[in-house]
Structure formats: structure tokens, C-alpha cells
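The structure presented is a predicted model; accordingly, all values stated were derived computationally and were not measured. In what follows, residues are counted from 1 in the order of the sequence shown.
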Amino acid sequence: MASSTAGQVIKCKAAVVWAAGEPLKIEEVEVAPPQANEVRIKVHYTALCHTDLYFWDAKGQKPLFPRILGHEAAGVVESVGEGVTDLKAGDSVLPVFTGECGECRHCKSEESNMCDLLRINTDRGVMINDGKSRFSINGTPIYHFLGTSTFSEYTVAHVGSVAKINPAAPLNKVCILSCGVSTGMGATLNVAKPKKGSTVAIFGLGGVGLSAAEGARIAGASRIIGIDLNSDRFEKAKLFGVTEFINPLEHEKPIQEVIAEKTGGGVDYSIECTGNAKAMIQAFESSHDGWGVAVLVGVPHSDAVFATSPVNFLNERTLKGTFFGNYKPRSDLPGLVELYLEKKLELEKFITHEVSFADINKAFDYMIKGESLRCVINVIGD
């Protein structure tokens, strides 16, 4: 059944960033109907991810404003554009910052999730279909963000970046699966693939790192070692299966030597979640020779250099990288939602705060102060 607003421009509220670092302003925006292969979504809940903060601050990349940020969310399809056959009005969905066209070599590969058409593009502020924005204020275009722009009551996304999920799933919980939790958990389960009883080190205990720890817990790791420069994070990390903690600032030796001493030569698996090049090297060198696997998750600065002795590779250590935990958005996210519904995956412990849409700037404050793990923003206002 088509919605009453299908094919029409919708006026709604959105949190707009007008300039770098300025508080978001709730504005009335016009959201155009979806074009071919697009979906218009009524956003119910959205969460704040560190990537939103990074592009709001705009210190490390090309600024693009005015813009509607947001990419970790859940909602319901309001209407679909021409050519969309696998989604309809009323479907519960997760919009995702990357995508799955289903046609390119990456999508057809069992090994890759890096879709040629819909791979993440942080510089693009318009839709792929026609190079135009679907958002405007009094005729002035407002830029999109990561193809999702979920800090709006309604948004438009490419159908390949929208995962249909079980309608029984609570959207205020599963919204956090569309970015950070999946990235960290997938790095462990899909890339490192730890065996039951193994030893896993997690470098960085922020949201992604704790998600990686959750993956190690689900896999049945016997020891999960958390490494972080902030000891205040250690108590919270126990909820995610972390069994012991190391703060590098409390040791004179290089952390890889400390880990080697504690584990009889190194860990079986190491997951790096900070994006710091030094930590990446430490994570790799902390893995055990002969079988150790290190996975890089954090995104480093473009000029960062990874330097280690080639002998570390010759001694049969393996180094891997991952994007979005190697999950294909449309194919795999519905399964993660089912894991949650089956109580095999715990999401509530990731959510530390919830604010109203009108108070969205509080979510930024919580993250800047380091007080929140995930803050869910109630867009629908129920």
C-alpha cells in the first residue's frame, strides 16, 4: 500500500550543520521524493558516531556545508522510487553508509564488501542518480552525508544502502548496528575468526573496540585483553567480555613486550581499533609468531606510515585489514538483527544515553567529553 505522501515533497525537521564546529540547528527542510533506485525513509532513531563528530568539526578534511549529518539509524520506508522492487512502504530498515549494488565484482565476491558503486564517499554531498541533493531550505540545496543523512525526520538513500530487517526488532536498539557495532564485531568474527579458547587483544576500548571485544566473547575466547590509555574505560569493558587490562602509560617496556610476557610469546589474535599508526604496529607485533593474526580496523591519517621488520611476516604472523567488519549491508545486517532478537547479541550495554531530537547537540557534548559510548537520538519523538 502506497503512503499518502508518496511522490510529494515532504516538509520536516532536520538538524543542519551550517559551518564547521557550529551547534546543529533544527530547521524545516524540504525532502524531495525518491528518484530511480532510491528510497525515502522516515527515520525513527539515529545514533551519534565519532565519524559524525569528525566531519562536523571538519578539521581533517574538505569542509562541505550546509549539511545534514548522521549515518547510524533505523526507520521505516515511506516510499520508493522507480525500479525498487525489494522494498516497500512500511518496511523496517537500516540505512547504511556503504552499500551493496549486487552487480559489481566486489558484491559478487564472497571475500569483499567494498561495492564499486556504493563504497563510502565522504566528499560526495549529492545523490548518485542525478548529482543533486534531495534536501533544500527555501530552494537552497543542503548537502547529504555518506548517502544517509539520518539527522532528519525523513531522508533519501540509494536502495543498495538500505537493509530490510525483521519488523519485530526495536528500532531504538538495532539502529546502532548500521555502523560501529558491526564494524568492530565483524573485524573479530569475520576477519580474525578467533577459535574457542584463544587469546585476543583489543587495542582501543571505544565503541568499535568494545564491539570487537563482544565479537571475541561470542566466539568463546578464553582471554580478552583490553589495551587503552584511559584506565577509566576498563570497568565498563568487563561487560563486553574483557578479562584483563593494560594501560601502556603504566609500563616502561613497549606494550608488545608486555603482552608477550603475559601470554607466553604473544596473543593468538589482535584487533586494532584506534587508527593510530603506532598502535597498529604494536598490535601486529603483539601477535604470536607461527600463527598470530592482527586485524586493522581504525582509520589512520592519510600520511601515516606502518613500519615493522619484514622478519615479523617471515615468522608467520598475518596482518589483515577490514572495512565495515566485512559485512555486506543488505545481505548480512538482517542476520545481525536476528542474533539480537535471539538474545545472542547484547546491544543495550552499548547505549549509554538517549536524547530527544531537539537536544541533539547534547549527544555531541557527551561524545566530546568522553561520557558516552553510544547516544541514541529519538527522532520520531515517541
Side-chain angles (χ1 to χ4, degrees), residues 1-10 12 14 31-46 68 70-109 112-122 124-135 143-167 169 171 174-175 177-179 182 323-324 327-338 379:
M1 179 178 172
S3 70
S4 60
T5 49
Q8 301 176 27
V9 171
I10 291 178
C12 70
V31 185
Q35 301 302 306
N37 297 314
E38 295 176 359
V39 180
R40 189 160 58 183
I41 301 165
K42 182 176 178 62
V43 179
H44 285 217
Y45 297 91
T46 186
I68 298 173
H71 65 285
E72 195 171 89
V76 172
V77 173
E78 174 271 337
S79 62
V80 301
E82 179 185 349
V84 177
T85 58
D86 51 353
L87 289 172
K88 64 183 185 306
D91 285 344
S92 293
V93 294
L94 300 178
V96 188
F97 66 91
T98 183
E100 183 182 351
C101 73
E103 299 297 328
C104 70
R105 290 181 65 187
H106 286 278
C107 286
K108 291 181 178 180
S109 165
S112 174
N113 65 343
M114 301 186 72
C115 175
D116 281 332
L117 178 66
L118 299 169
R119 188 179 304 187
I120 184 172
N121 185 328
T122 59
R124 186 171 58 231
V126 294
M127 299 300 291
I128 292 174
N129 187 44
D130 59 2
K132 296 179 181 179
S133 174
R134 302 289 174 261
F135 299 107
Y143 290 114
H144 291 251
F145 177 64
L146 299 184
T148 51
S149 292
T150 59
F151 292 168
S152 175
E153 291 178 326
Y154 288 86
T155 191
V156 177
H158 191 283
V159 64
S161 296
V162 180
K164 181 181 177 180
I165 63 171
N166 190 328
L171 300 184
V174 298
C175 62
L177 284 172
S178 57
C179 184
S182 300
F323 169 71
F324 192 48
Y327 286 117
K328 293 179 185 284
R330 297 165 72 191
S331 299
D332 297 333
L333 289 191
L336 292 184
V337 171
E338 294 305 316
V379 180

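- Interatomic distance, OG of S92 versus CG of L171, reported as 5.0 Å (0.5 Å rounding).
- Note that NE2 of H158 and CG of L117 are 5.0 Å apart. Values are rounded to the nearest 0.5 Å.
- Remark: the backbone N or O of V159 is not paired with any side-chain donor or acceptor of N37 at under 3.5 angstrom.
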In sequence, state the C-alpha distance, the side-chain angles, and the governing distance for I41 and V93, and then conclude on side chain to side chain contact (heavy atoms under 4.5 Å, CB included).
CA-CA 8 Å; I41 301 165; V93 294; 4.1 Å; yes

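- Looking at R40, its side chain does come within 3.5 Å of a backbone N or O of V31 through a donor-acceptor pair.
- To the nearest 0.5 angstrom, R119 atom CZ is 8.0 Å from T98 atom OG1.
- A salt bridge does not link E100 with K328: none of the charged nitrogens is closer than 4.0 Å to a carboxylate oxygen.
- With sequence neighbours excluded, the residues satisfying side chain to side chain contact (heavy atoms under 4.5 Å, CB included) with N121 are D123, R124.
- Formation of a donor-acceptor pair under 3.5 Å by the T46 side chain with backbone atoms of E72 is found in this model.
- Considering OG1 of T122 and NE2 of H71, their distance stands at 11.5 Å, rounded to 0.5 Å.
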Report the C-alpha distance between H44 and V76 in whole Å, list the side-chain angles of each, state the deciding distance to 0.1 Å, and finish with yes or no for side chain to side chain contact (heavy atoms under 4.5 Å, CB included).
CA-CA 7 Å; H44 285 217; V76 172; 3.6 Å; yes

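- In F323, the CZ atom is crowded: over 12 heavy atoms of neighbouring residues, nucleotides or ligands sit closer than 6.0 Å.
- Contacts of K164 classified as salt bridge (Lys or Arg N to Asp or Glu O under 4.0 Å), with partners at least two apart in sequence or in another chain: D91.
- Contact of the S161 side chain with the P329 side chain is not registered, since no non-hydrogen atoms from C-beta on lie closer than 4.5 Å.
- L118 contributes atom CG, which lies 7.5 Å from atom SG of C107 (distance to the nearest 0.5 angstrom).
- Ring orientation note: the planes of F135 and H144 are tilted relative to one another, at an angle of 30° to 60°.
- In this structure, the side chain to side chain contact (heavy atoms under 4.5 Å, CB included) partners of A169, at least two apart in sequence or on a different chain, are I165, V174, V337, L341.
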